[in-house]
Amino acid sequence: MTVLVTGGAGFIGANFVLDWLAQSQEVLVNLDKLTYAGNLESLASLKGNPRHVFVHGDIGDASLVTQLLAQYQPRAVINFAAESHVDRSIHGPGEFIETNIVGTFRLLESVRGFWQALPAPAQSNFRFLHVSTDEVYGSLAPQDAAFSETHTFEPNSPYSASKAASDHLVRAWHHTYGLPVLTTNCSNNYGPLHFPEKLIPLMIVNALAGKPLPVYGDGMQVRDWLYVKDHCSAIRCVLEGGRLGQTYNVGGWNEKPNIEIVRTVCTLLDELQARADGVSYAQQISYVKDRPGHDRRYAIDARKLEQELGWRPAETFETGIRKTVEWYLANPEWVAHVQSGAYRDWLSKQYTA
Ligand code: NAD
Ligand code: DAU
């Protein structure tokens with residue numbers, strides 16, 4: 001048996017690929033375009049593993065995807081590939097439209113062609129799982145109930161609008177063509193292998209480098225935080241037991257304002273690798289101009305996933321954030337290669353000669 005994962009060299013995708021190969025005997029084909037966010041060093045431990053087949057390519061390349069589907073006959077496609085950073089979507093939305101909307105459309109069409117030609121049992125067992133975000137639901141006021149799966153879509157950034165569009169395409173391919181799809185909408189992930197452009201890894205690496213810790217606006221924007229391995233376990237759970245055509249919200253019941261997250265990171269660093277001058281890293285916090293259109297609050301109601309499929313996160317925020325800070329302290333080379341850009345040479349180093 002084989003699964004096809006897209007975007008498996010990114011943050012969540014790489015964690016998913018590593019966990020999947022550790023827990024199953026299946027072959028995993030990993031299709032990734034290796035944008036700036038794709039990092040094969042994250043998968044270095046898989047070198048020589050015959051069950052990991054890495055393919056450098058674009059989900060929007062219909063001839064490549066069609067050929068991969070025909071060659072490997074996967075029982076499932078799990079779509080992580082996306083442009084994922086809200087700030088980048090504000091500066092340059094084009095790539096977000098291209099990959100998240102057009103790319104998802106092309107992927108769906110390639111998969112539909114493959115799926116329609118399958119014999120009956122393989123056709124009914126096949127799954128297309130689309131990994132999406134809570135940001136499609138927009139922003140909550142302080143007293144609002146958490147997002148449920150029936151909350152209206154009100155995306156506010158080019159990123160979230162492009163993900164909302166992709167969710168709609170996935171839904172339509174189920175209703176119109178019968179493609180057996182599942183969608184997950186997850187809150188903010190954190191953990192190992194997170195590119196240091198996002199809040200938590202950026203704060204860790206800036207703190208250690210003696211740089212300012214830039215907090216947008218008043219720092220009181222609220223996010224729900226989930227340890228990445230718990231997101232991966234939720235995806236596995238939905239893949240195996242989710243009802244076709246359904247969406248499942250994934251979250252950690254862990255709402256926190258950004259400033260509290262930053263202070264927690266500083267406190268852990270103070271404990272684990274104190275500054276030479278004995279002053280807290282919190283002294284490096286610097287309030288900066290707010291993100292345009294910044295969503296104030298996200299919160300996820302994950303009861304459908306918990307009650308239907310019995311999923312529970314394994315980590316609390318306290319255990320997960322400690323593991324995360326410890327991982328960054330233990331992996332300075334991974335961080336240094338990301339910062340220097342050397343991680344982008346990994347493809348030629350790893351896969352030629
Ligand atoms: P990421 O930016 O770290 O990784 C994205 C990966 O996709 C990279 O390896 C990149 O090279 C690859 N990619 C980009 N365009 C591609 C294309 N056209 N074809 C093939 N590969 C392509 O993102 P992430 O944080 O790992 O997020 C993965 C998915 O999960 C995304 O769909 C994102 O919207 C969703 N998500 C992320 C979070 C989060 O907190 N990070 C939360 C909920 C949902
Ligand atoms: O909610 C799920 C989403 O979480 C995913 O769909 C996205 O792919 C992922 O990037 C993430 O989006 P956010 O915009 O919430 O994540 P980010 O880490 O960029 O920012 C988290 C919060 O911290 C947000 O309120 C903005 C703020 N922030 C971020 C950075 C990078 C700062 O205050 N300072 C910063 O330097």
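Residue numbers run from 1 in the order of the sequence given.
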Stepwise salt bridge (Lys or Arg N to Asp or Glu O under 4.0 Å) test for Arg88 and Glu197: CA-CA 10 Å; Arg88 285 182 194 256; Glu197 63 180 355; 2.6 Å; yes
Non-hydrogen side-chain atoms of [X] and [Y] separated by less than 4.5 Å:
{"X": "Pro121", "Y": "Pro119", "value": "yes"}
{"X": "Phe126", "Y": "Leu118", "value": "yes"}
{"X": "Tyr159", "Y": "Glu83", "value": "no"}
{"X": "Cys186", "Y": "Leu226", "value": "yes"}

Whether the [X] and [Y] side chains hold a donor-acceptor pair (N or O, under 3.5 Å, no angle test) is what I'd like checked.
{"X": "Asn30", "Y": "His52", "value": "yes"}
{"X": "Gln339", "Y": "Trp334", "value": "no"}
{"X": "Trp225", "Y": "Glu255", "value": "no"}
{"X": "Thr319", "Y": "Thr316", "value": "yes"}
{"X": "Lys304", "Y": "Asn249", "value": "no"}
{"X": "Lys256", "Y": "Thr264", "value": "no"}
{"X": "Gln221", "Y": "Arg291", "value": "no"}
{"X": "Asp295", "Y": "Asn156", "value": "yes"}

Chi angles and distances behind the ring pair (Phe, Tyr, Trp, His ring centres under 6.0 Å) call for Phe195, Tyr36: CA-CA 9 Å; Phe195 195 83; Tyr36 79 92; 5.3 Å; yes
Under 4.0 Å between a side-chain nitrogen and a carboxylate oxygen: does that hold for Glu315 and Lys323? yes
Is the distance between the ring centroids of Phe16 and His231 under 6.0 Å?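 When the ring centroids of His231 and Phe16 are compared, they turn out to be at least 6.0 Å apart.
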With ring centroids as reference points, do Phe317 and Tyr227 lie under 6.0 angstrom apart?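 Not under 6.0 Å, so no.
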Measure the OG-CG distance between Ser166 and Asn79 for me, rounded to the nearest 0.5 Å.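 CG of Asn79 is found 7.5 Å from OG of Ser166.
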Distance from Ile300 atom CD1 to Ser187 atom OG, nearest 0.5 Å? 5.5 Å
Donor-acceptor pair, distance only, cut-off 3.5 Å: does the side chain of Asn331 make one with the backbone of Trp327?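 Confirmed, Asn331 side chain pairs with Trp327 backbone.
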Between Gln73 (side chain only) and Ala70 (backbone N and O only), is there a donor and an acceptor less than 3.5 Å apart? yes
What do you reckon, is [atom1] of [X] surrounded by more than 12 foreign heavy atoms closer than 6.0 Å?
{"X": "Glu333", "atom1": "CD", "answer": "no"}
{"X": "Arg51", "atom1": "CZ", "answer": "yes"}
{"X": "Arg171", "atom1": "CZ", "answer": "no"}

How close do Ala14 and Ala9 get, heavy atom to heavy atom, and via which atoms?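 The answer is CB-C, 4.4 Å.
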If you look at every heavy atom in Val228 and Gly191, which pair is closest and at what distance?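 In this case the closest contact between Val228 and Gly191 is CG1-CA, 4.1 Å.
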When you look at Ser162 and Thr104, which way does the side chain to side chain contact (heavy atoms under 4.5 Å, CB included) test go after all the steps? CA-CA 10 Å; Ser162 68; Thr104 304; over 6 Å; no
Only one of Thr2, Asn49, Val3 clears side-chain contact (heavy atoms from CB on, under 4.5 Å) with Val27; which?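 When Thr2, Asn49, Val3 are each tested with Val27, the side-chain contact (heavy atoms from CB on, under 4.5 Å) holds only for Thr2.
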With respect to Val131, which candidate in Thr184, Val238, Thr6, Leu182 satisfies the side-chain contact (heavy atoms from CB on, under 4.5 Å) definition? Thr184
Residue pair Tyr328, His194: steps toward the ring pair (Phe, Tyr, Trp, His ring centres under 6.0 Å) verdict: CA-CA 9 Å; Tyr328 280 87; His194 206 178; 7.9 Å; no
Can you confirm if the NZ or CZ of Arg223 lies within 45° of the ring axis of Tyr298 and under 6.0 Å from the centre of its six-membered ring? yes
Please evaluate residues Ser280 and Asp270 with respect to the criterion side-chain hydrogen bond (donor to acceptor under 3.5 Å, both in side chains), reporting the C-alpha separation (whole Å), side-chain torsions for both, the decisive distance (0.1 Å), and the verdict. CA-CA 6 Å; Ser280 170; Asp270 289 341; 2.7 Å; yes
Report the C-alpha distance between Thr66 and Ser63 in whole Å, list the side-chain angles of each, state the deciding distance to 0.1 Å, and finish with yes or no for side-chain hydrogen bond (donor to acceptor under 3.5 Å, both in side chains). CA-CA 5 Å; Thr66 300; Ser63 64; over 6 Å; no
From CA spacing to verdict: salt bridge (Lys or Arg N to Asp or Glu O under 4.0 Å), Glu135, Lys163: CA-CA 8 Å; Glu135 300 203 10; Lys163 290 295 290 187; over 6 Å; no
Between Asn185 and Asp167, is a side-chain hydrogen bond (donor to acceptor under 3.5 Å, both in side chains) present by the stated rule, with each step listed? CA-CA 9 Å; Asn185 292 89; Asp167 290 15; 3.1 Å; yes
